[in-house]
Structures are given as C-alpha cells and as structure tokens.
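Data block below; observations after.
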Amino acid sequence: MNIPYRTQRKLKRTGLVLLILAMISVIVWFCSVIFLERYIVYTRDGAYLDFSVSPQQMTGEIAQPPVGKENVSIYFNEGANALNSNAVLTKLDGYYIDSEALTKDSAAIWEQIKILPQGTPVMIELKPGRGTFYYKSTLTNATLAQTVSVDAVDELVKELNKKGFYTIAQISAFRDYTFGLANVSSGIPVAGKQFLWMDPGGCYWLKPDDPAVQAWIISIVKELKEIGFDEVVLSNFSYPDTDKATIPENKDEILTQTAEKLLTELGGDTFTLSFGVSNSTFTLPDGRCRMYLENISAQAVGAQLAQTKVPDPSVRLVFVAKTNDTRYEQSSVLRPIGAAQVLEAQKADKATAKDLAVKRKAEKEAAERANSQTPTQDTTPTGETTVPTETTQEP
C-alpha cells in the first residue's frame with residue numbers, strides 16, 4: 001500500500017506536534033510537583049496539600065543527629081528463665097485435671113475454671129502411662145491420643161496461661177507403653193527373660209538410666225516449657241513394685257542420679273521440674289523442684305511428713321489428694337478440679353468470717369481507747385474530791 005507524499009508529510013507534522021505536546025506536558029507536570037512540594041503536609045495518616053500557609057510563613061528546623069549517651073547498660077535476656085523473677089517456691093493449694101476428667105465432660109472443667117482466682121495452681125495430665133499425648137505435640141515420635149479431644153485440651157491450656165494461673169503439666173516418666181513398644185531395648189524386661197514386663201494396667205516400664213529414655217523425657221519437658229508451663233511433674237518416677245521384672249539392686253541410686261541429671265539439663269530460676277514418686281523417702285536433688293505423692297490416705301500424711309528428707313516439706317512436698325480432708329493442708333496439696341466449686345465457696349466463707357473477726361476486734365480496741373481517754377475524778381492529797389467544773393464565756 002503506497003501512501004501519497006503529501007499525506008506522509010501531514011502525518012510527520014502531526015506526530016511531531018504530539019511529541020512536542022507530550023514533552024511540554026511532562027515538563028509542566030515536573031514543575032508542578034516541584035512547586036507543590038512546599039505545600040505538602042505529611043502526617044501519620046498520609047500526605048495532603050495545604051494551601052492555607054504561604055511560603056513566606058513556612059518555617060523549619062534543621063535536623064540534628066541524635067546526641068549519643070555514654071555508659072548505657074544493655075541487658076540481654078536469654079529466654080524466660082534468664083531473669084530471676086520468682087525464685088522462691090511457695091506452698092501450693094490448687095487443683096488437678098487428670099485423664100479421667102478430660103475424657104468425661106470438658107464443659108464441666110471450664111465451669112470450674114471460671115470460679116478460680118488468678119494465680120491458682122492447676123495441674124493437667126498431658127501424657128499418661130499409655131504414652132499418648134493429650135496435647136498437639138510437634139515431637140517426631142509423639143502419638144496423639146484418640147480418647148480425648150486434643151484441640152480442646154490445647155484450648156484449655158491456652159486459657160489457663162492467659163488467665164494467669166500457675167500451670168503444671170503432668171507426664172508419666174518411666175511408665176510408657178507406646179515408647180516401650182517402639183524401643184524394646186529401653187524397657188524393663190521380665191526377670192530372666194528377653195521380653196518386656198507389663199504391669200496389670202497393660203503398660204510397659206522404662207529403664208531410668210537409659211540414654212534414649214532420658215532424651216525422650218528431656219524433649220517433652222522442653223516442649224512444655226515453650227508452651228508456657230510454670231512446672232512439669234514427672235509422675236511414675238520410680239521402678240515398678242514387683243519381683244517379676246528385672247530391677248537393679250541400686251535402683252534408689254539410679255533414680256537419684258537420673259533426677260539430678262534431668263534437673264541440671266532442664267531446671268531454671270523460674271521453671272520447676274518436679275518428681276512424682278512412690279514414697280517420701282526419695283532424695284530430691286538440689287535445685288528448684290518438688291516431690292509429688294499420690295494415693296496417700298489422710299491418716300498417713302503425718303507419717304509421710306515425719307519420714308521425708310525434703311527441705312521445707314510444707315512447700316516442696318505435694319499431696320495429690322482425692323478428698324477434701326484438711327489433714328492434707330499440713331503441706332502443699334492439689335485436689336480434683338470437680339471439688340473446686342465447694343472448696344472455693346468454703347474459702348470465701350472463711351475469708352468473710354476472718355474479715356468480720358478483724359473488724360470486731362478493731363471496734364473493740366477503738367472502744368477501749370475511747371474509754372481510757374474519758375475524764376475521771378481526781379483525788380487531792382487531803383482526800384478531798386475535786387469535781388471538774390465547766391466555765392462559760394459571757395457574751
């Protein structure tokens with residue numbers, strides 16, 4: 001297709017004109033930006049044009065570099081346990097949520113939790129003797145339980161931490177069916193046999209001094225620390241009470257050494273690692289830890305306290321009680337979460353009665369002070385009695 005010469009010239013002129021107009025538009029836009037820049041006001045919400053202020057009225061201040069300060073102290077906190085914010089262990093008076101409660105009615109647990117004051121100790125069982133996990137563990141070899149709602153337990157744990165309770169996680173240490181089944185060499189065998197001994201509850205027991213067993217426990221406790229628990233209790237921290245399994249003669253020494261190793265690895269200034277044992281003669285390692293006793297009758301509390309070697313047993317010896325018997329209160333005590341409503345009501349009544357007694361005592365003391373300040377008759381040396389007279393001022 002041939003375009004006539006005259007048409008070509010018109011197109012060239014038109015294109016040149018458009019190019020010139022485009023260049024003029026760019027120059028005008030650039031100049032307008034430069035001109036309007038003085039009227040731009042920057043705020044947290046963005047920028048806008050403000051023509052109400054003339055350029056002559058605009059004042060500014062030359063920015064100066066910040067003045068450096070000498071001798072600035074820098075504190076580096078390596079984790080939650082780096083700062084010693086609560087080094088002193090205190091007496092426990094709280095509640096526990098075991099596997100039976102978790103498998104029954106979680107709604108009832110929530111109702112009991114609502115009435116507890118902030119700071120109440122609450123222990124929750126997260127790995128029973130079957131070895132399955134009641135929370136959503138991220139450990140490679142963790143087997144989640146099918147008998148409870150893991151999501152519901154995770155939500156409960158979050159709520160406990162959110163409300164400021166003193167949270168305690170309970171895991172079975174050496175009674176672990178799942179781990180024993182997968183690691184036969186780490187389990188306790190039948191006496192004189194090669195296969196593992198199983199207790200009447202259908203669970204295997206693990207060797208406390210086995211490196212794989214200790215590494216497994218350490219990994220679980222570290223995960224629970226990261227979740228936010230203030231304390232972890234290693235229940236079943238013992239050998240099985242039987243003569244049909246291979247039990248070493250120096251079992252007490254092995255348990256003591258294992259406890260020391262675990263506490264050295266996991267302990268901290270604000271984190272407590274505790275041990276659930278079969279009797280109070282167990283020797284606790286030095287450090288931030290407690291001893292937990294289960295299945296102890298109220299009648300036997302005094303005997304357990306008498307024979308224990310635990311320093312400050314009223315704080316560091318914890319009875320996991322099944323009743324509301326007040327004899328457990330000689331030491332730290334945790335009771336079933338189902339008893340919370342009754343016990344908290346009793347505590348409120350006691351507090352009210354105590355406040356009333358304090359109030360009556362204060363009123364009595366105030367009355368006695370008032371009586372002591374009342375004017376009394378004075379006796380002169382001659383035995384004559386002088387009566388105070390009242391003087392009035394004449395107007």
Side-chain angles (χ1 to χ4, degrees), residues 80 85-86 88-128 134-136 148-171 224-233 235 270-274 276 288 290-294 296 298 301 314-356:
S85 59
N86 186 23
V88 180
L89 289 175
T90 56
K91 187 176 181 180
L92 299 182
D93 183 11
Y95 304 93
Y96 64 86
I97 306 171
D98 57 11
S99 57
E100 183 179 358
L102 291 173
T103 54
K104 282 185 176 180
D105 186 7
S106 59
I109 297 177
W110 282 98
E111 291 300 320
Q112 299 286 352
I113 291 296
K114 290 179 181 179
I115 65 176
L116 299 182
Q118 184 180 14
T120 301
V122 178
M123 182 175 73
I124 180 170
E125 187 175 15
L126 294 180
K127 187 177 80 70
Y134 287 170
Y135 70 98
K136 196 171 293 183
V148 301
S149 172
V150 175
D151 291 333
V153 174
D154 284 345
E155 189 66 25
L156 177 61
V157 171
K158 290 179 181 178
E159 187 69 14
L160 292 175
N161 287 325
K162 179 181 177 182
K163 292 296 182 64
F165 292 106
Y166 181 83
T167 52
I168 309 169
Q170 182 187 45
I171 63 171
L224 293 172
K225 287 176 65 176
E226 292 177 357
I227 291 175
F229 281 94
D230 301 296
E231 182 173 346
V232 173
V233 180
S235 62
T270 59
F271 177 77
T272 306
L273 181 67
S274 299
R288 190 179 177 88
R290 288 189 177 95
M291 177 190 298
Y292 282 69
L293 293 176
E294 297 187 45
I296 302 297
V301 168
S314 63
V315 172
R316 301 182 66 186
L317 182 61
V318 184
F319 290 103
V320 182
K322 294 182 179 180
T323 68
N324 299 344
D325 198 302
T326 57
R327 282 173 286 188
Y328 291 111
E329 297 174 6
Q330 300 176 61
S331 184
S332 293
V333 59
L334 299 178
R335 293 186 170 92
I337 190 64
Q341 186 172 5
V342 174
L343 291 177
E344 291 303 315
Q346 292 177 355
K347 292 177 183 178
D349 292 341
K350 290 180 180 178
T352 302
K354 183 178 180 181
D355 292 341
L356 182 59

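FYI, the numbering just counts along the sequence from 1.
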I want to check something: taking the side chain as every heavy atom from C-beta on, are [X] and [Y] in contact at a cut-off of under 4.5 Å?
X: Leu102; Y: Ile97; answer: yes
X: Tyr96; Y: Lys322; answer: yes
X: Val232; Y: Phe271; answer: yes
X: Phe319; Y: Asp325; answer: no
X: Tyr135; Y: Val157; answer: no
X: Glu344; Y: Pro117; answer: yes
X: Leu116; Y: Gln112; answer: no
X: Val318; Y: Val233; answer: no

Determine the minimum heavy-atom distance between [X] and [Y], stating which atoms define it.
X: Val88; Y: Arg288; answer: N-NH1, 3.9 Å
X: Arg290; Y: Tyr166; answer: NH1-OH, 3.5 Å
X: Tyr95; Y: Ala340; answer: CE2-CA, 3.5 Å
X: Leu92; Y: Tyr292; answer: CD1-OH, 3.5 Å
X: Pro336; Y: Ala321; answer: CD-O, 3.3 Å

Within the supplied structure, the quantity of interest is the number of heavy atoms (other residues, nucleotides, ligands) at a distance under 6.0 Å from Lys91 NZ; does it exceed 12?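 Correct, the count exceeds 12.
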
A quick test of your reading: do over 12 heavy atoms of other residues, nucleotides or ligands sit less than 6.0 Å from CD of Gln341?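 Counting neighbours around CD of Gln341, 12 or fewer heavy atoms of other residues, nucleotides or ligands fall under 6.0 Å, so no.
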
Kindly compute the distance separating [atom1] ([X]) from [atom2] ([Y]), expressed to the nearest 0.5 Å.
X: Asn161; Y: Ile227; atom1: CG; atom2: CD1; value: 8.5 Å
X: Leu334; Y: Asp98; atom1: CG; atom2: CG; value: 11.5 Å
X: Leu126; Y: Ser99; atom1: CG; atom2: OG; value: 11.0 Å
X: Thr272; Y: Asp230; atom1: OG1; atom2: CG; value: 7.5 Å

Salt bridge check, Arg335 against Glu329: does any charged N sit closer than 4.0 Å to a carboxylate O?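 Salt bridge present between Glu329 and Arg335.
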
Just one of Val153, Ile124, Leu156 clears the side chain to side chain contact (heavy atoms under 4.5 Å, CB included) bar with Ile109, so which one?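 The option that passes is Leu156.
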
Residue from Arg316, Gln170, Glu231, Met123 passing side chain to side chain contact (heavy atoms under 4.5 Å, CB included) with Ser274: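 Among Arg316, Gln170, Glu231, Met123, the one meeting side chain to side chain contact (heavy atoms under 4.5 Å, CB included) with Ser274 is Glu231.
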
Evaluate the side chain to side chain contact (heavy atoms under 4.5 Å, CB included) criterion for residues Ile171 and Leu224: first the C-alpha distance (whole Å), next the side-chain angles of each, then the deciding distance (0.1 Å), finally the verdict. CA-CA 10 Å; Ile171 63 171; Leu224 293 172; 3.9 Å; yes

What verdict does the side chain to side chain donor-acceptor pair (under 3.5 Å) test give for Glu125 and Tyr134, after you've listed the backbone C-alpha separation in whole Å, the side-chain angles of each residue and the deciding distance to 0.1 Å? CA-CA 8 Å; Glu125 187 175 15; Tyr134 287 170; 5.7 Å; no

Hey, is the main chain of Val315 close enough, under 3.5 Å, to the side chain of Ser332 for a donor-acceptor pair?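 Checking the backbone N and O of Val315 against the side chain of Ser332, a donor-acceptor pair under 3.5 Å is found.
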
